[in-house]
Amino acid sequence: PEPFCVLGIETSCDDTAAAVVRSDGTILAEHVVRQDEIHAAHGGVVPGLARDAHRAAIDRVIEWVLRRAFHVGESDDPMAVAAPHLAAVATTMGPGLEICLRVGFHAARQTVERLRALQPASSSRLPLFLSMHHLEAHCLVARRIPPHEPPFPFLVLLASGGHCMLLLARDLGQYSILGGTLDDSIGEAYDKTARLLGLEWGGGGGPALERLAREGNPHAFSFSVPLRQRRDCNFSFAGLKTAVRLAIEKCRRRAADIDEAQPLVQLNRQAAADIAASFQYVAVKHLEERLSLALQWCQAHEPNVRSVVVAGGVAANATVRERLRAVARQAGWTRRCPQPDGSMRDEESVLFPPPRLCTDNGVMVAWAGVERVRRCGDIVGEPDMEDIEVA
Ligand code: KG4
Ligand code: ZN
């Protein structure tokens, strides 16, 4: 089939992102404008500020990816050059922050209208306007690169700031939830721990916590692994968060006893690193145990599932990747994969999108759009503002 391109737009939280992806998986252009400096002082995303920043950035982000993708000269109109190549404009409709989603929706609709106006009315190639589910986009981006793309059905561990769940991806738009979080997501737990430790804010608190944890002893504190007594696929991070807060307070008090002049002394770097490493050890242990249960469940009930995808912002973490890979290996999860020389070989069947495609981005939305265009029969109507799904 003839290749086509999709423009993807993502504004569900604090990243203003867009990308153009070709149907063979090639990323023609991608761009993300982050809002870290805006939210850093608040220790978390402030929706009103996020919306204002999206509004300020979105047009320029879209123009930038169109210029880059289609080599548009300075004096040419990027919409006019892009119009014949774009089969669809896909935008995230949720879940996310409503006022932020609206910014992406408006920009996407405006772009579609301009692209359509640039085509002759008789054209059979008017670009589609597609609404994307944020979580589906996180899951599907793992299918972008042949020959490793997992075929349906596959298992997904989605670990992000907004969600923590185990899903069975049966087909496009068809997901069964095997388990979700009873309280916080794992990304929130990383963010809260990072905030308590006073770490810098950049792509959330996770990246700074991951760096600090490398200097610490993961067994310095023994936090208990959540939900050990429940053999299901649910998650819980609230108890761990409280245990971490108490440990930090205790360390502070101990430090204050030594230096009475400063009742609220900062933890020394080693103590902070030990807490970070011990938190991460247990948080990832919880993921390991739940993934392991889900793998067993699949083996018993869904024998056609042969691959696991780990997606969402927390899947960018190197420790998470390494330890979940080991879980799949121990469970014997491999599948036959075609090799470049044409032969077949058993490969480990746990897949992680590249780290930069784990955190929110435009590529995942564009790719989810590519998958939808390929199945045009599924498209029933255009997105409507009323359909925006609030997180
Ligand atoms: O998928 P994402 O970008 O947004 C949501 O859909 O929620 O995930 C953001 C979350 C944040 O909580 C952030 O702290 C976390 O992913 N995160 C990480 C890392 N990079 C991002 N957590 C741990 N280690 C990382 N390297
Ligand atoms: Zn996300």
Side-chain angles (χ1 to χ4, degrees), residues 8-17 19 30 32-36 39-40 43-45 47 50 54 91-97 100-101 104 132-142 156-165 167 180-181 184-197 199-214 216 235 237 240-241 244 276-277 279-284 286-287 309-324 352-365 367-368 389-391:
I9 295 172
E10 156 66 43
T11 61
S12 67
C13 190
D14 61 340
D15 296 314
T16 312
E30 63 174 312
V32 182
V33 172
R34 299 198 191 283
Q35 306 176 0
D36 292 331
H39 303 294
V45 177
H54 284 308
T91 190
T92 303
M93 292 291 281
L97 300 169
C100 296
L101 291 163
M132 290 299 135
H133 194 283
H134 184 79
L135 307 187
E136 178 168 49
H138 270 302
C139 299
L140 290 182
V141 74
V156 185
L157 170 54
L158 180 72
S160 72
H163 299 85
C164 193
M165 52 204 326
L167 298 164
T181 181
D184 296 346
S185 73
I186 184 169
E188 273 176 278
Y190 267 89
D191 294 348
K192 283 176 186 161
T193 302
R195 226 174 293 152
L196 287 170
L197 291 172
L199 305 185
E200 77 185 89
W201 191 257
L209 194 140
E210 180 183 9
R211 284 194 298 276
L212 181 62
R214 283 193 208 117
F235 300 86
F237 289 94
L240 176 59
K241 182 186 73 186
V244 168
F279 157 78
Q280 176 163 270
Y281 179 77
V282 171
V284 181
H286 188 29
L287 294 186
V309 167
V310 183
V314 180
N317 181 298
T319 303
V320 169
R321 296 167 87 91
E322 188 187 308
R323 286 176 45 193
L324 295 184
F352 300 85
R356 71 170 205 292
L357 299 184
C358 287
T359 50
D360 291 349
N361 63 84
V363 172
M364 67 186 199
V365 181
W367 175 256
E389 187 184 334
V390 181

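Nothing here was measured: the structure is a model prediction, and the numbers come from that model. We count ligands from 1, going down the list as the structure has it; atoms in each ligand are counted the same way.
In terms of protein heavy-atom proximity, atom 2 (P) of ligand 1 is closest to Asp360 OD1, 3.3 Å. Ranking protein heavy atoms by distance to atom 12 (O) of ligand 1, first place goes to Asp191 OD2, 3.0 Å. When hydrogens are left out, the protein atom nearest atom 24 (N) of ligand 1 is Asn317 ND2, 3.0 Å; that is the closest non-hydrogen contact. Protein heavy atom in closest approach to atom 26 (N) of ligand 1: Glu210 OE1, 2.8 Å. In terms of protein heavy-atom proximity, atom 15 (C) of ligand 1 is closest to Val314 CG2, 4.0 Å.
Each of the atoms 12 (O) of ligand 1 lies under 4.0 Å from some heavy atom of Gly187. Ligand 1 places these atoms under 4.0 Å from at least one heavy atom of Gly205: 14 (O). Near Gly313, meaning under 4.0 Å from any of its heavy atoms, are these atoms of ligand 1: 1 (O), 2 (P), 8 (O), 16 (O), 17 (N), 18 (C), 19 (C), 20 (N), 21 (C). The atoms of ligand 1 that sit less than 4.0 Å from any heavy atom of Gly161 are 5 (C), 7 (O), 8 (O), 9 (C), 10 (C), 12 (O). The atoms of ligand 1 that sit less than 4.0 Å from any heavy atom of His138 are 1 (O), 6 (O). Every atom of ligand 1 is numbered from 1 in the order shown, and the set under 4.0 Å from a heavy atom of Gly203 is 13 (C), 14 (O), 21 (C). Against a heavy-atom cut-off of under 4.0 Å, Gly204 is close to the following atoms of ligand 1: 14 (O).
Across all their heavy atoms, Gly180 and Met165 have their closest contact at CA-CB, 4.1 Å. The minimum heavy-atom distance between Pro353 and Val310, with the atom names listed, is CD-O, 3.1 Å. Across Cys13 and Val45, no two heavy atoms sit closer than the pair SG-CG2, 4.1 Å.
Between Val365 and Ile9 the shortest side-chain heavy-atom distance does not fall below 4.5 Å. Residues Glu188 and Cys164 fail the side-chain proximity criterion, which asks for heavy atoms closer than 4.5 Å.
Panel detail: the Zn ion (ligand 2) has protein N, O or S atoms under 2.8 Å away, 3 in number.
Distance alone, capped at 3.5 Å, places no donor-acceptor pair between the Arg34 side chain and the Asp14 backbone. With Ser185 contributing its side chain and Gly161 its backbone, the two residues share a donor-acceptor pair below 3.5 Å. Side-chain atoms of Glu10 do not come within 3.5 Å of backbone N or O of Asp360 as any donor-acceptor pair. At distances below 3.5 Å, not a single donor-acceptor pair connects side-chain atoms of Asp36 with backbone N or O atoms of Trp201.
Among the atoms of Tyr190, none of the N or O lies under 3.5 angstrom from an N or O of ligand 1. For ligand 1, the polar-atom distance check finds an N/O of Gly206 within less than 3.5 Å of one of the ligand's N/O atoms. For a threshold of 3.5 Å applied to N or O pairs, the pair formed by Thr359 and ligand 1 contains no separation below that value. Annotation: Glu188 places no N or O atom under 3.5 Å from an N or O atom of ligand 1; distance criterion only.
Using a 30° and 60° split on the angle between ring planes, His138 and His134 fall in the perpendicular class, above 60°.
Residues passing the side chain to side chain donor-acceptor pair (under 3.5 Å) test with Arg323, sequence neighbours excluded: Glu288. Checked against side chain to side chain donor-acceptor pair (under 3.5 Å), Gln280 has the following partners two or more places apart in sequence or in another chain: Tyr190, Asn317, Thr319. Residues forming a ring pair (Phe, Tyr, Trp, His ring centres under 6.0 Å) with His39 (at least two apart in sequence, or on another chain): none.
Using 4.0 Å as the threshold, Cys13 has no heavy atom nearer than that to any atom of ligand 1. Heavy atoms of His134 come nearer than 4.0 angstrom to ligand 1 in at least one pair.
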